[in-house]
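Here the structure comes first, spelled out in structure tokens, and everything after it is commentary.
Every number for a ligand or one of its atoms is a count from 1 in the order of the listing.
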Amino acid sequence: MQIYKVGGAVRDRLLGKPVTDIDWVVVGASTEEMLAKGYRPVGADFPVFLHPKSGEEYALARTERKSGRGYGGFTFHASPEVTLEEDLIRRDLTINAMAEDDHGRLTDPYHGQRDLEARLLRHVSPAFAEDPLRVLRVARFAARYAGLGFTVAPETLDLMRQLSESGELEALTAERSWKEISRALMEDQPHVFIQVLRDCGALNVLIPEVEALFGVPQPEAHHPEIDSGVHTLSVLEQAALHKQPLTVRWACLLHDLGKGLTPESQWPRHIAHEHKGLRLIKAVNERFKAPRDCQELALLVGEYHTHGHRALELKPSTLLELLQSFDVYRRPQRFEEFINACEMDARGRKGLEQRSYPQADYLRGAATAARTVAVQPLLELGFKGPELGEALKRERLKALKAYKEAASA
Ligand code: ATP
Ligand code: MG
């Protein structure tokens, strides 16, 4: 048997990037031989094994054929006769379809090196179209390597467009889609992911609520970039520049969905878009079965981001309601993420990226003021049950009034 390094490890070494996990392909071996050598099988009907010591993945060289809709509709054929070239041709991109032996010798039948130099994300073969997930994968790699100058090859984008129009994207499971989306949002340029999906028509299938934002104007005085979709991409870009976590990036992507619902006659204003957008945010959350913390933050940011921007003008009672809505007493971290999402929203405006956002520290201070109200003295005064809740609220309101006065003094 011969063993080769494949996929991301080869690509990233050639790019001079750190290699974290290594995938291996084994040519000329059978399942029985692998088991005899102590490799542990990963799944029952999948020719992938874990190395007895390193735990890295070793896959038998295989060919794949599509046999139905979606990813379940794949049949694998792994046998000692399958060649390295046959295994590489089933892979998504040429830059992912190179192999390296233990002497560092490269096998590159589909010209991955050439495309690395040309900075092109190009599909290996027409079989690309057999797995719609590859549309998301290519967009994700575009988001990762845009900084190095990579773009999607025009013929690959054409294929991605055909896939988007064929209805195949709808066959993707929520789990597979979310895995790609969440990884893509954590890349250096997540807005490129959304832009590439848009360029090939996939955004309109996957998240039409975001697609709908493009072409919708906002008031130029607040939003020099005018377009709501362009704004959303900038907010995402800022979130990545400021190293925000997935929860915040997800909330940034969805915060303005309500603007896509505004009747044209009301443009460029978007009255109550925060509230109108909530059912859309909920629908997108559920479509991808986003984790609970992502879902929650997206809804809260959608509903309250304008409060964030107006923080310094809010009445103490409104501030208190905001803090209560976030349950800031038990969930301080979530409120911090809200503040950061609001700041990214403010920075995601053309020419205003560097403007300071005093609302952030003001909100942090308000949270601290409300949280420092102690329960113990109220208990000692004999408050309990609903009365205790009311008394706490009164004390917190007092604290917020004092905080606001001190801040404006
Ligand atoms: P990463 O750095 O994100 O791990 P990677 O290229 O190693 O990038 P993996 O998801 O680990 O990506 O997959 C390893 C290799 O398997 C890829 O480089 C590619 O050759 C192939 N591959 C993975 N998923 C697919 C797919 N859906 N269709 C085609 N080839 C795929
Ligand atoms: Mg990998």
Side-chain angles (χ1 to χ4, degrees), residues 4-27 42-43 46-51 54-66 69-78 82 84-100 106-113 115-116 121-148 150 156 159-160 163 168-169 171-173 175-190 192-193 202:
Y4 303 86
K5 239 181 238 178
V6 279
V10 180
R11 176 197 69 222
D12 286 339
R13 186 186 66 73
L14 291 171
L15 280 173
K17 291 242 162 192
V19 172
T20 42
D21 78 327
I22 303 181
D23 298 301
W24 304 87
V25 68
V26 184
V27 178
V42 169
F46 217 68
V48 179
F49 302 84
L50 298 181
H51 191 276
S54 72
E56 287 172 341
E57 272 191 24
Y58 285 69
L60 294 187
R62 66 177 190 257
T63 58
E64 290 177 355
R65 200 163 309 120
K66 193 171 173 62
R69 259 180 94 83
Y71 196 62
F74 259 102
T75 48
F76 300 102
H77 169 69
V82 176
L84 182 59
E85 283 75 9
E86 284 171 328
D87 178 276
L88 294 176
I89 202 169
R90 69 171 172 84
R91 293 170 186 267
D92 48 6
L93 295 172
T94 59
I95 63 167
N96 290 343
M98 295 180 276
E100 196 182 299
L106 212 60
T107 302
D108 181 17
Y110 310 110
H111 309 294
Q113 266 190 305
D115 286 336
L116 272 184
L121 304 172
R122 187 201 306 277
H123 64 283
V124 175
S125 87
F128 179 91
E130 294 183 357
D131 178 10
L133 191 77
R134 291 169 189 159
V135 172
L136 289 129
R137 282 180 59 91
V138 174
R140 171 164 69 80
F141 284 115
R144 184 189 295 179
Y145 296 123
L148 295 176
F150 276 84
T156 302
L159 260 182
M160 291 161 71
L163 264 165
E168 278 283 321
L169 281 178
L172 287 174
T173 61
E175 289 75 12
R176 288 188 89 207
S177 301
W178 177 255
K179 203 169 154 218
E180 288 302 322
I181 292 170
S182 55
R183 291 182 71 187
L185 289 178
M186 291 313 291
E187 297 291 355
D188 280 349
Q189 304 208 37
V192 172
F193 173 70

Phe128 to ligand 1, any heavy atom closer than 4.0 Å: no

Mode of Arg90 contact toward ligand 1 - side chain, backbone, both, neither (heavy atoms, under 4.0 Å): backbone

Between Asn96 and ligand 1, which part of the residue brings a heavy atom under 4.0 Å of the ligand: side chain, backbone, both or neither? both

Pull out every atom of ligand 1 sitting under 4.0 Å from any heavy atom of Arg91, numbered as shown with elements. 15 (C), 16 (O), 19 (C), 20 (O), 21 (C), 29 (C), 30 (N)

For ligand 1, which atoms sit closer than 4.0 Å to a heavy atom of Gly8? 5 (P), 6 (O), 7 (O), 18 (O)

Going from CZ on Phe49 to OH on Tyr58, what distance comes out if it is rounded to the nearest 0.5 angstrom? 13.0 Å

Please enumerate all residues that pass ring pair (Phe, Tyr, Trp, His ring centres under 6.0 Å) together with Phe141, with sequence neighbours excluded. none

Looking at Arg137, Lys17, Arg134, the heavy atom closest to atom 9 (P) of ligand 1 belongs to Arg137

Atoms in ligand 1 with a heavy atom of Phe141 nearer than 4.0 Å: 6 (O), 8 (O)

Counting from 1, what ligand 1 atoms have a heavy atom of Gly7 closer than 4.0 Å? 18 (O)

Of all the heavy-atom pairs spanning Pro132 and Leu172, show the shortest one and how long it is. CG-CD2, 3.9 Å

Ionic contact status for Glu100 with Arg13, cut-off 4.0 Å: yes

Arg137 with Asp92: basic N within carboxylate O range, under 4.0 Å: yes

Which of the numbered atoms in ligand 1 are under 4.0 angstrom from any heavy atom belonging to Arg144? 1 (P), 2 (O), 3 (O)

Under 4.0 Å from a heavy atom of Asp23: which atoms of ligand 1 are those, numbered in the order shown and with their elements? 7 (O), 11 (O), 14 (C)

Apply the salt bridge (Lys or Arg N to Asp or Glu O under 4.0 Å) test between Asp131 and each candidate in Arg176, Arg91, Arg90; give the one that qualifies. Arg176

Identify which of Asp87, Val138, Asp131, Leu133 has a heavy atom lying nearest to atom 27 (N) of ligand 1. Asp131

Decide whether Arg140 and Tyr145 meet the rule of one side-chain donor and one side-chain acceptor closer than 3.5 Å. no

So, Thr63 and His77: side-chain donor and acceptor under 3.5 Å apart, yes or no? no

Should you measure from each heavy atom of Arg140, which atoms of ligand 1 turn up under 4.0 Å away? 3 (O)

